Amino acid sequence: MSIQTSRSAPHWLGQLLALIVLVSSSLSVLAEDSGRALWESARDAIVQVRVIERESDEKSSIGSGFLLAGHDVIVSNFHVVASAVHEPQKYSLQLLDSNGRTWSSTIVDFDVVHDLALLTVPEAVTASLAMASGLPEQGDAVYSLGNPFDLGQTIVPGTFNGLLEASFYQKLLFSGSLNPGMSGGPSINASGEVVGVNVASMGNQISFLVPASYLLALLERRQDVVPITGYQDHISAQLQQDQQLKYQRLAATSWPTQQLGDAQVGGSLPAFFKCWGDTQDEDELDVVISRTSCTSQDSIYLSSSLQTGLIDYEYSFVRTDAMGGLRFHRWLSQQFSGMRTRTWPGKEDVSNYDCQQSVVSDADATDWRMVFCVRAYHQYDDFFDVLFQATSIKQADAALASHFALSGVSQANAEAFLDRFLGLQQWP
Amino acid sequence: MAIVVEIRSSGAHGASRYRFSDDALARGVTIGRGYHCDVMLDDPHVASEELRLVRTDAATGAGSIELELLGDGVVRLAGQQLREGASVPSGTQLKLGRTSVSLFDETHTVPPTTPLDILLESLTSLASPVRVLLAGAIVYLLLLSDEAASQLAERDWLDAALSAFSPMVLAVLWSAVWALVTRVLRHEARFLAHLLVALTSLALSTIMGLASELAQFNSQDPATAAWLDPFLLGLLLCFALVLHVRITAGPMRWYGHGVIVALAWAFVGYGVLEDSNRSRDFQAWPEYSSVLLPPEAYLGTPQTLPEFLDGVGESFDRAAESRTIELEKAIDDGDASTNANTDINAGQR
């Protein structure tokens, strides 16, 4: 019976398969037609943005940009033109249009927090792209345009997958391949309207776009098409404003606590941080480590060596059943001897750390070894990287170690964060 | 003038002394393993009648002492084997087999013994394998105060043995090198003496390490390690080098010790200088003392939280001050990139 059934199946199944193949082929053709049409309509509005090293007169880095309808500026990313912002005496900007002609350009304005830049438009570039009136639906097709690896203009199909979660800023999740050189290019919907600006990729078709809303906000407050003097003041003001908003939002949010081993610690804030947890049982040492760590996702690109704006915090509860007090505390020393921010600024960007460390007894009469390290940003007044670590030393067989790292934070915000952080953790 | 023959047997503490008059010297004083000898040695490496001492001008009681070789054992003078008789002055030290024999005029004054001599004597007298093992066990226990102590307490025998094993191997290799040098210079390796010094140094190193940790934990200041560790290293180097060189080269004048101590501190000073230069460079990582010890090891009074937070504010002030200094330096050096108001479009085409 089953054999007969299986023999009779191909008759209707074959018809179904043929239908599916036919439909998918038709869709594929439609998609190809759509992509081709979009490419044809958008290509003249796209430019390659070149950062030219003046001495060699050759490009040192590239990105993409586009002309937005109704606005006489080329839109790109701040990180594409950052070298020319910081070292104008060394780098200039050049635009390559779709006809292969090059034009010099200058910076009009930028939004360093959301990684956007506005550049002057060459006269020959007249084609432009309209802004979409709203976000696409999740699953809608989105096409990204740009100049990957200096290989010429390309169009990359992908899928819109909503807004990035656990973030202080909105970012659009684009499931398509963004490659180096496409930064600053537009991502458009099936109607050819701009939904976002290409900005970053994590590989494996996980890419991010700056929402058009931030671009509109920048265009509204943009300065006239005149050279900006005092760019660091401009960046500094933006960073200050962003930081105030970010830490105010954090302060206004209720921070829950959670149990970790025998201790109470700060819990996760899913609106802003991605949190992970793990427990390791190290049999060789008879140590059990329970750990939770939370990291923010909003890195602000200032230069190739200086990214900032990150907030990370971590708790580890450690218990041993076999190690002696001396050995256990030595082991703790090794485990928690290194702390750092996730960013790696150079000596041009920051000073050396200054650390304050003490054995501290808190209100609950718990003794902690606390270390607080801070280093100042050279270019930006009242901006610091801050590291903090507290390790309980009350018990010989158990300890709580807490840690946070803030990059690009003012003294007032860092102290307020420290105060709140310390208030969350309790050791019995 | 009568002479005194001082006998120091290998592995024995103290010495035996025999006085011989001019008449006895004129007749000749015999030294050997035999019962008939004037000085009998309990040493299987000495012949039954090994040596005779004769005063050449016994009438006046002055002059040197003549050595006559009688047996077939090995008699060393200043590390060299004597092949024939010799004339030696007062104060001469001989080695017969494993026994030291010193010859003094009775008016000879024994120089005061320094603590270093006592220490060296104690160490070198522990020459038998059994006593070395005993000393090794003591050192081993000292080493256990480190990592292996806890493992031993936890009855983790294998790990405890392994923890103490590596430094032991290192000490053996180190001693072997010194023994080789000693063998070349003095015709005897004295490996066990070197090994004892090496093991004692290891134990001291462990104790000093603990002292450093204790100091760092109590001071909560990374600068403590910056000066304390080199200081302790210097002391340890002086101790180990002086003893090794003394075993290798024999007794030294004060300036001999001075040269060794100077070399040791020069080595330490170079390291401190290098570290000092490095710490002035840019450091991507914060420098703080990560040492953690059990709460009982903290002897001070903990800060209150408000006191700590005051310190945090001061850290910000220092960081801001450091920024100002570095910016001023950069401007003095003509680094345009640090100019806070550079025109971003200046010079663009």
Side-chain angles (χ1 to χ4, degrees), chain A residues 84-89 92-93 104 106-107 227-233 322-327 329-330 332-333 336-340 344 347-348 351-363 367 369-376 378-379 384 387 391 393-394 396 411 415 418 422, chain B residues 147 149-151 153-154 156 213 217-218 220-222 279 281-298 300-305 307-309 311-316 318-320 322-323 325-327 330 335-338 340-349:
Chain A
V85 171
H86 292 300
E87 295 183 88
Q89 70 282 8
S92 64
L93 293 178
S104 69
T106 55
I107 295 157
I228 304 166
T229 54
Y231 75 91
Q232 274 166 330
D233 290 342
M323 276 202 282
L326 179 64
R327 192 171 160 215
H329 282 84
R330 279 190 164 157
L332 285 175
S333 306
F336 304 109
S337 62
M339 55 175 182
R340 63 173 184 84
W344 288 97
K347 65 178 178 182
E348 302 81 12
S351 62
N352 274 345
Y353 277 107
D354 185 285
C355 293
Q356 154 81 11
Q357 64 176 107
S358 296
V359 172
V360 178
S361 190
D362 67 10
D367 288 347
R369 203 284 302 280
M370 292 187 180
V371 185
F372 187 93
C373 297
V374 56
R375 65 182 176 190
H378 283 163
Q379 309 291 328
F384 302 91
L387 299 169
T391 312
I393 55 168
K394 190 177 184 179
Q411 179 175 352
E415 288 177 341
L418 171 64
L422 288 174
Chain B
E147 181 73 6
S150 313
Q151 291 162 341
E154 294 153 19
D156 189 353
E213 284 185 64
F217 184 58
N218 278 278
Q220 288 297 313
D221 183 0
S279 66
D281 294 341
F282 173 70
Q283 306 286 326
W285 297 71
E287 285 191 348
Y288 62 95
S289 170
S290 61
V291 173
L292 274 176
L293 292 175
E296 305 82 51
Y298 188 71
T301 308
Q303 277 191 329
T304 62
L305 204 50
E307 285 170 342
F308 178 76
L309 294 177
V312 165
E314 288 165 13
S315 275
F316 275 105
R318 284 193 298 270
S322 165
R323 168 187 184 257
I325 293 168
E326 286 168 24
L327 276 181
D335 183 356
S337 67
T338 56
N341 280 305
T342 306
D343 180 349
I344 59 169
N345 292 306
Q348 288 193 356
R349 287 178 293 183

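Bear in mind that the values here come from a model prediction, so they are computed numbers and not experimental data. Letters A, B, ... mirror the listed sequences (proteins, then strands); counts begin at 1. As a basis for the values below, the full set of heavy atoms in this structure was taken, side chains included, without hydrogen atoms, waters or symmetry mates.
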Item to check | Side chain, backbone, both or neither of B:Tyr298 within contact of chain A (heavy atoms, under 4.5 Å) | outcome: side chain
Checklist entry - Checking side chain to side chain contact (heavy atoms under 4.5 Å, CB included) against B:Ser315, which of A:Gln411, A:Arg375, A:Gln356 comes through? => result A:Gln356
Checklist outcome for this item: For A:Phe384 and B:Ala320 the tightest heavy-atom approach is CE2-N, 4.3 Å
Checklist entry - Shortest non-hydrogen contact from B:Arg323 to A:Ala376? => result CB-CB, 3.7 Å
Next on the checklist: Under 4.5 Å from any heavy atom of chain B, what part of A:Gln357 do you find: side chain, backbone, both or neither?
Outcome noted: both
Next on the checklist: If you define the side chain from C-beta out and look only at heavy atoms, does anything of B:Gln303 sit under 4.5 Å from A:Met370?
Outcome noted: no
Checklist entry - Would a line drawn from the ring center of A:Phe372 to the ring center of B:Tyr288 be shorter than 6.0 Å? => result no
Checklist entry - Looking at A:Tyr353 and B:Pro286, what are the two nearest heavy atoms and their distance? => result CD1-N, 3.5 Å
Checklist outcome for this item: Distance col, row A:Asn352:CG vs B:Arg318:CZ, nearest 0.5 angstrom, shows 13.5 Å
Checklist entry - Going from CG on A:Leu387 to CH2 on B:Trp285, what distance comes out if it is rounded to the nearest 0.5 angstrom? => result 10.0 Å
Next on the checklist: I'd like to know which of B:Ile325, B:Leu305, B:Thr304 tops the heavy-atom pair count under 4.5 Å against chain A.
Outcome noted: B:Leu305
Next on the checklist: Side chains of A:Ser351 and B:Glu326: any donor to acceptor distance under 3.5 Å?
Outcome noted: no
Checklist entry - Checking heavy atoms, do the side chain of B:Glu314, its backbone, both or neither come under 4.5 Å from chain A? => result neither
Next on the checklist: With a 3.5 Å distance limit and no angle check, can you tell me whether A:Arg369 reaches the backbone of B:Val291 through a side-chain donor-acceptor pair?
Outcome noted: yes
Next on the checklist: I'd like to know if the side chain of A:Asp354 reaches the main chain of B:Phe316, judged simply by a donor and an acceptor atom lying under 3.5 Å from each other, with no hydrogens or angles considered.
Outcome noted: no
Checklist entry - Tell me, do B:Gln220 and A:Val359 make a side-chain contact under 4.5 Å, heavy atoms counted? => result yes
Checklist entry - What are the two closest heavy atoms between B:Leu327 and A:His378, and how far apart are they? => result CD1-O, 3.4 Å
Checklist outcome for this item: So, the part of A:Cys373 with a heavy atom under 4.5 Å from chain B: the answer is side chain
Item to check | Residue among B:Ser322, B:Pro222, B:Pro294, B:Pro295 with most heavy-atom pairs under 4.5 Å to chain A | outcome: B:Pro294
Checklist entry - Roughly how far apart are B:Glu213 CD and A:Ser333 OG, rounded to 0.5 Å? => result 7.0 Å
Checklist entry - Mind checking whether B:Asp281 and A:Lys347 have side chains closer than 4.5 Å, heavy atoms only? => result no
Checklist entry - In terms of heavy-atom proximity below 4.5 Å to chain B, should A:Ile393 be classed as side chain, backbone, both, or neither? => result both
Item to check | Part of A:Asp367 within contact of chain B (heavy atom distance under 4.5 Å) | outcome: side chain
